[in-house]
*Asks:* 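Below is a structure I'd like to ask you about.
Letters A, B, ... are given to chains in the order of the sequence lines, protein chains preceding strands, and every chain is numbered from 1. Since this is a predicted model, take the numbers as computed values, not measurements.
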2 protein chains.
Amino acid sequence: MARPKEFEPQIALERAMDVFWRKGFEATSVQDLVNEMGINRASLYSTFGDKHSLFMAALDRYSESVTGPMVEQLQAEGPAKEVISGLFRSLVGGTRASEAQPGCLMTNSAVELCQRCPETAERVTKSMERVSKGFAKVVARGQEAGEIPTSQSPRALGRFLCGALQGLVVLSKANQSRAVLSDYVGVVLSVLET
Amino acid sequence: MARPKEFEPQIALERAMDVFWRKGFEATSVQDLVNEMGINRASLYSTFGDKHSLFMAALDRYSESVTGPMVEQLQAEGPAKEVISGLFRSLVGGTRASEAQPGCLMTNSAVELCQRCPETAERVTKSMERVSKGFAKVVARGQEAGEIPTSQSPRALGRFLCGALQGLVVLSKANQSRAVLSDYVGVVLSVLET
DNA sequence: CCGGTCTTGGAACGAGCGGTCGAGAATGGG
DNA sequence: CCCATTCTCGACCGCTCGTTCCAAGACCGG
């Protein structure tokens with residue numbers, strides 16, 4: 001009964017997420033978004049509201065399409081320690097100078113916006129809780145299997161691993177050297193050893 | 001032989017550093033700087049150059065007045081483990097919801113700018129190397145004294161502690177809860193135990 | 001094949017951005 | 001005391017920001 005949209009909102013949102021992921025909130029202009037989402041300015045505003053609302057939608061989308069799968073992957077079968085070390089080592093491996101990985105959108109947003117945007121803070125906090133709990137779950141499984149020492153609670157270890165992940169992201173932004181990241185991850189994983 | 005400046009450049013720079021520290025580079029306008037530095041716009045430009053140059057000067061100043069003393073404090077006398085745990089625990093303690101601590105300017109800048117500003121990246125990388133080496137030094141001392149196990153090299157532990165510090169800063173931005181930060185720091189410090 | 005409804009494109013808005021400029025005030029050497 | 005020099009002040013520059021608006025275009029039920 002009326003003209004249909006010429007674009008897929010989900011895809012456009014995914015592209016917006018990519019831009020925010022790469023450049024951050026402040027450094028991304030609406031023109032950047034228009035260019036990279038491939039839609040018109042008016043369509044952007046009528047579909048997603050203003051820049052801030054679009055950013056919130058991008059955070060939610062990130063939570064679904066990046067954080068979610070990562071946490072799910074943590075529940076994969078196999079030795080718990082290998083699941084965890086696999087995640088950390090894959091991040092070190094992916095950090096080549098050429099790739100210029102954008103790190104983690106939640107980490108970036110935590111640093112850039114959390115202190116002056118409660119809506120962002122709420123989403124970031126929830127995301128990190130989810131990651132912590134995902135880690136805690138696999139740690140508990142590893143402890144039950146006798147792989148991981150029980151001197152620390154799964155909850156504490158989960159929180160530690162979540163924070164250690166944030167640290168890794170920051171380090172990899174600041175320092176391209178794989179040696180530094182390898183040393184870091186090696187010590188992080190050593191807390192799971194007897 | 002001419003009219004002298006009515007302000008102390010060092011003090012003005014310190015105030016600029018505070019603003020950048022609190023709000024980040026992009027979110028700080030020149031007007032913000034003019035207001036908070038207490039000097040005129042033209043004085044700002046004639047003394048510090050453009051916004052980018054001023055930011056670089058602020059980074060250098062931060063390195064001197066914040067990073068430097070912190071690294072020095074790491075070389076204080078007393079049991080090495082207590083020196084390290086004191087640093088971490090003081091950051092947890094300082095993180096009350098009311099204080100709204102601005103975290104670490106180097107961490108913030110690493111996340112916000114490192115990927116698109118080589119001059120920032122250089123300063124951030126150097127700063128983190130300094131912190132890593134500071135940690136490594138006190139770790140080595142602790143190992144020689146038999147306080148800290150020697151299963152990991154001082155260099156690796158130094159790099160780990162530096163990264164763990166970044167993680168702590170991000171966590172404290174994202175989550176006001178002291179329980180989370182305490183759990184995190186507890187596990188971090190556990191790698192220094194036998 | 002028309003009419004109503006929604007999308008699209010692009011111009012335009014005021015506000016604020018980073019940065020500049022010229023006139024006037026304040027200084028200290030000669 | 002005077003003048004060259006420097007600093008201070010606020011207006012002002014062109015530009016880009018996020019956002020709005022409207023006319024033209026595209027669609028589909030009737």
*Asks:* Same cluster for B:L157 and B:M70 if Ile/Leu/Val/Met/Phe/Trp/Tyr side chains link at under 4.5 Å?
*Replies:*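 In one cluster: yes.
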*Asks:* Whole angstrom is fine here: how far is it from CD in B:Q31 over to C1' in D:dG10?
*Replies:*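 Whole-Å distance recorded here is 11 Å.
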*Asks:* Could you state the atom-to-atom distance from CZ of B:F7 to P of D:dC9 in whole Å?
*Replies:*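 One finds 10 Å between P of D:dC9 and CZ of B:F7, rounded.
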*Asks:* Rounded to whole Å, how long is the line connecting atom CG of B:D50 with atom P of C:dC17?
*Replies:*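 Going from B:D50 (CG) to C:dC17 (P), I get 16 Å.
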*Asks:* Select one nucleotide: of D:dT8, C:dC17, C:dT8, the one nearest the side-chain heavy atoms of B:S43.
*Replies:*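 For B:S43, the side-chain atoms sit closest to D:dT8.
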*Asks:* Could you tell me the separation between the CZ atom of B:F48 and the P atom of C:dG19, rounded to a whole number of Å?
*Replies:*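 That distance rounds to 15 Å.
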*Asks:* Just the rounded figure in Å: distance from P of D:dC17 to NZ of A:K51.
*Replies:*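 Answer to the nearest Å: 9 Å.
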*Asks:* For A:T47, report the nucleic acid contact type (base, sugar-phosphate, nothing); a contact means any heavy atom under 4.0 Å.
*Replies:*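 Touches nothing.
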*Asks:* Roughly how many Å is it from CZ in B:F25 to C1' in C:dC17, rounded to a whole number?
*Replies:*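 Nearest whole value for this atom pair: 12 Å.
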*Asks:* Measure from CZ on B:R41 to C1' on D:dC7 and round the result to the nearest Å.
*Replies:*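 For the pair B:R41 CZ and D:dC7 C1', the rounded distance is 17 Å.
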*Asks:* When you measure from the side-chain N and O atoms of B:S29 to the phosphate of C:dG16, is any distance below 4.0 Å, counting only OP1 and OP2?
*Replies:*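 For C:dG16, OP1/OP2 do not have a side-chain N/O of B:S29 under 4.0 Å.
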*Asks:* Taking the six-membered ring for Trp, are B:F25 and B:H52 parallel (under 30°), tilted (30 to 60°) or perpendicular (over 60°)?
*Replies:*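 Perpendicular: the ring planes of B:F25 and B:H52 meet at over 60°.
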*Asks:* Does the side chain of A:M128 come within less than 4.5 Å of B:V170's, by heavy atoms?
*Replies:*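 They are in side-chain contact.
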*Asks:* Of all the choices, C:dG18, D:dG10, C:dG9, which nucleotide is nearest to the side chain of A:N40 once you look at every atom?
*Replies:*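 Nearest listed nucleotide: C:dG9.
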*Asks:* Among A:D32, A:D18, A:T28, which one satisfies side chain to side chain donor-acceptor pair (under 3.5 Å) with A:K23?
*Replies:*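 Result: among A:D32, A:D18, A:T28, A:D32 is the only option passing the side chain to side chain donor-acceptor pair (under 3.5 Å) with A:K23.
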*Asks:* Using whole Å, what does the distance between atom P of nucleotide C:dG10 and atom CG of A:L44 come to?
*Replies:*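 From A:L44 CG to C:dG10 P: 15 Å.
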*Asks:* Looking at C:dG19, D:dT20, D:dG10, which one has an atom nearest to any side-chain atom of A:Y45?
*Replies:*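 Nucleotide nearest to A:Y45's side chain: D:dT20.
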